[in-house]
Amino acid sequence: MTLRLHDTATRDVRDFVPLEAGKAGIYVCGLTVQSEPHIGHVRSAVNFDVLRRWLTASGYDVTFIRNVTDIDDKILARGEAQGRPWFEIAYRMRRELDRALDAINVLPPTYEPAATGHVPEILELIGQLVTRGHAYRAEDGSGDVYFDVRSWPSYGELTRQRVDDMEPAEDADPRGKRDPRDFALWKGWKKALEPETAAWPSPYGPGRPGWHIECSAMAAKYLGPAFDIHGGGVDLRFPHHENEMAQSRAAGQPFASYWLHNAWITTAGEKMSKSLGNSMLIPSVLTRVRGIELRYYMVFAHYRSHVEFSFEALDEAARSFRRIESFLDRAEDAVGEVPRDGMLCADFVAAMDDDLGTPAAIAAIHEVVTEGNKHLTAGNRTALRGSLASVLAMLDVLGLDPHDPGWETVAASSDGRLSSAVDALVAGLLEERSVARAEKDWARADEIRDRIAAAGIIVEDTPDGPKWSLAEGKEDGS
RNA sequence: GGUGGGUUGGCCGAGAGGCGAGGCAACGGACUGCAAAUCCGUGUACACGGGUUCAAAUCCCGUACCCACCUCCA
């Protein structure tokens, strides 16, 4: 069985055939770092992180490029509004994004190029387009350079739209465009309105890159003129990816072989716009569930399915994940650490190969957990080891292995010491309770258990004696 | 106007002609001093109306409602 992926360009699920055997080049449009990362932004990152991990697990040597667009109108506007330099905003948001992605165990890309660091490459590409007759200088002396949509007959091929059917762009400022649908490759510096730091020298005068062109330039630089997979959110299909495709192909590059797009995550049926407040921002969500639970929630739905976000669904996903985690804990108590050579079960592999069917993949994990729980009860250690290793291996593919060092946080490093301190305190009480139970003094035993519970610690009796764990729940102090 | 997607049980969420994915919740049973955890069992869901077929949630036609994109939103 080979990997099959849904390609937006052909609108079907096709076998993945890499340009070069055993290698995969992926370019994912990251963020325009203009605001704090919310769960929508992060979904895209998780989805493509899973793609990358699956390709890696399948034996591919993956080069994964995720860009950062660190200059655009909104960044400039935000800097202006806050009275801060635009580059400070961009950099701060970029660091926040890094923190958010670290918190949900998204692997750092192979490289993360930024638009502002690739002006020469961008200008070279624009130059090629001008030479080939697909781009022109604005006729109003603004210093803009536009892509000439009419000069490229296959424009619209990605989203199957005909130029004549498109709504004419209601750009506030058509400026020097030949056709309203032409888009900016280079934006001339507006001296009166924009800081000098936002302008770079060019043959067309000082200015900055338009949106779209940076991705074409950077994809070519790091992956070559032809590469395997290009990804991003559905909204990027048009105009962003359509324009990238047009630019790169008009410049003579084959560009991406497969186009993958993840669906939206919305709240209250609405896009996660910045006006919704901060409850959907990652740091806020992480006060409610752990990063690994948030990631599980995102992997739980197929990447092409629209997700209507709710805290209820998030909590439910967290409970579902704890079933798996609880199995890991108990199994490891029973047989200790297992080598990292677990089998991916056939259902799991088939699900992942089928356009990254993570919901079915998770179902496969749950089935192995059920099997493992039976082995645990039966005391079948050999079989249990197999189930445990298998569950860990499958979780690892999804970036959900709790032992993954990626989950280690500053707080976690003190967890061990805290845990042994609590253990020492609770041990005495549990000893007392054991004595009471031995004397069948149930009232006394329950009283001790209640006292421990009042401290937020749950006691469970197992064949190997009592075990304590922290109660789950919202840490809202109530 | 153009392009694309959706509507599945109490809830989340897969599937895409024929055996009820999986999880959460609920209920019953086993286990337990009681619990917890775990295991076993319990559900006849696919927006609506037609049609094709031996067989339709899945294909076709129609209807309703919802959503996304159409030039700087993941």
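Quantities reported herein were computed from a predicted structural model and do not represent experimental measurements.
- The pair A:Glu293-A:Arg290 counts as a salt bridge, with a side-chain nitrogen and a carboxylate oxygen less than 4.0 angstrom apart.
- Across B:A36, B:C39, B:G2, the shortest atom-to-atom separation from the side chain of A:Glu460 is found for B:A36.
- Using C1' as the reference atom, B:G49 and B:G13 are 28 Å apart when rounded to the nearest Å.
- Across all strands shown, B:U63 forms a Watson-Crick or G-U wobble pair, both distances under 3.5 Å, with B:A47.
- Closest to the side chain of A:Trp442, out of B:G33, B:G4, B:A74, is B:G33.
- When the C1' atom is used for both B:U38 and B:C31, the distance is 9 Å, rounded to whole Å.
- Nucleotide B:G17: unpaired (no Watson-Crick or G-U wobble partner with both distances less than 3.5 Å).
- In summary, A:Asp355 and A:Arg4 do not engage in a salt bridge, as defined by a charged side-chain N under 4.0 Å from a carboxylate O.
- Residue contacts for A:Asn47: at a heavy-atom cut-off of 4.0 Å it reaches no nucleic acid atom on any strand shown.
- Where A:Asn262 and A:Asn243 meet RNA chain B, the nucleotide closest to each residue was compared, and A:Asn243 sits on the side nearer the 5' end.
- A close approach under 4.0 Å does not occur between any side-chain nitrogen or oxygen of A:His366 and OP1 or OP2 of B:G22.
- Side-chain atoms of A:Ala360 lie closest to B:A14 of the nucleotides B:A14, B:C24, B:G22.
- Heavy atoms of A:Gly40 sit under 4.0 angstrom from at least one base atom.
- Residues A:Tyr297 and A:Phe309 bring their aromatic ring centres within 6.0 Å.
- Among the heavy atoms of the strands lying under 4.0 Å from A:Lys374 are primed sugar atoms or P, OP1, OP2 only; no base atom is included.
- Distance from the side chain of A:Arg449 is smallest for B:A35 among the nucleotides B:A35, B:A14, B:C40.
- Among the protein residues, A:Phe147 comes within range of no part of the nucleic acid, since none of its heavy atoms lies under 4.0 Å from any strand.
- Ring centroids of A:Phe183 and A:His212 are separated by less than 6.0 Å, placing the two rings close together.
- Nucleotide B:C39 forms a Watson-Crick or G-U wobble pair with B:G29, both donor-acceptor distances falling under 3.5 Å.
- Looking at the side chain of A:Phe300, the nearest of the listed nucleotides B:C69, B:A35, B:G22 is B:G22.
- At the heavy-atom level, A:Arg11 lies under 4.0 Å from the strands shown only through sugar-phosphate atoms.
- Between B:G22, B:U71, B:C39, one nucleotide has an atom nearer to the side chain of A:Glu367 than all others, and that is B:G22.
- Figure legend: A:Arg178 and A:Tyr136 shown as a cation-pi pair, the cationic atom lying under 6.0 angstrom from the six-membered ring centre and within 45 degrees of its axis.
- Here B:G13 is the nucleotide among B:A68, B:G13, B:U38 with the atom lying nearest to any side-chain atom of A:Ala301.
- For A:His230 and A:Trp259, the ring centers sit closer than 6.0 Å to each other.
- Side-chain proximity of A:Asp235 to B:C69, B:A21, B:G23: nearest is B:C69.
- The residue among A:Cys29 and A:Ala317 whose nearest nucleotide of RNA chain B is located toward the 5' end is A:Ala317.
- At a threshold of 4.0 angstrom between heavy atoms, the contacts of A:His302 are confined to the sugar-phosphate backbone, with no base atom among them.
- Searching all strands for a Watson-Crick or G-U wobble partner of B:A68 with both distances below 3.5 Å returns B:U3.
- The side chain of A:Ile265 lies closest to B:A74, out of B:G13, B:A74, B:C24.
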